[in-house]
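In what follows, a single structure is set out as structure tokens and then discussed.
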Amino acid sequence: MIKKKRNRSRPSGSFEDRLQRFAEDSREAARKLPPGRERETLMKKARQTEAVVEVSECLTLRK
């Protein structure tokens with residue numbers, strides 16, 4: 001039986017950096033769309049991701 005090799009590469013940047021980049025990309029994509037459901041969904045994802053970044057930073061500072 002052949003074992004699959006695990007992908008052990010590390011993501012670039014910290015968790016907060018990657019989340020922030022995702023939020024920025026979502027906002028940028030939303031700006032390119034006309035008003036509507038898809039645009040609002042992307043904006044909501046961006047706001048939620050920014051909230052997660054804030055909570056994560058608060059939890060990191062408490063250590």
Side-chain angles (χ1 to χ4, degrees):
M1 184 170 156
I2 299 175
K3 289 185 179 182
K4 287 186 178 181
K5 233 180 173 182
R6 286 182 55 190
N7 181 5
R8 295 189 182 257
S9 63
R10 297 267 181 181
S12 61
S14 69
F15 179 64
E16 288 84 5
D17 291 340
R18 288 181 282 138
L19 284 174
Q20 193 64 39
R21 195 171 334 122
F22 176 79
E24 291 168 4
D25 292 346
S26 295
R27 266 191 212 285
E28 186 62 34
R31 286 187 192 110
K32 294 177 182 178
L33 294 173
R37 182 177 287 172
E38 189 175 356
R39 181 179 182 161
E40 289 304 316
T41 301
L42 283 172
M43 293 299 284
K44 183 178 179 180
K45 284 182 182 182
R47 287 190 301 270
Q48 289 174 338
T49 304
E50 288 170 346
V52 170
V53 170
E54 289 178 22
V55 170
S56 179
E57 288 174 348
C58 288
L59 292 174
T60 303
L61 291 175
R62 290 187 179 183
K63 289 183 179 180

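Below, each value reflects all heavy atoms present in this structure, side chains not excepted, and no hydrogens, waters or symmetry copies.
Distance alone, capped at 3.5 Å, places no donor-acceptor pair between the Ser56 side chain and the Val52 backbone.
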For residues 17-25, run the donor-acceptor check on the side chains, cut-off 3.5 Å, and write out each pair with its distance to 0.1 Å, sequence neighbours left out.
from: Asp17; atom 1: OD2; to: Ser14; atom 2: OG; distance (Å): 3.2
from: Arg18; atom 1: NE; to: Ser14; atom 2: O; distance (Å): 3.4

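For residues 32-50, every residue pair satisfying the side chain to side chain donor-acceptor pair (under 3.5 Å) rule, not counting sequence neighbours, is listed here: Arg27-Glu50.
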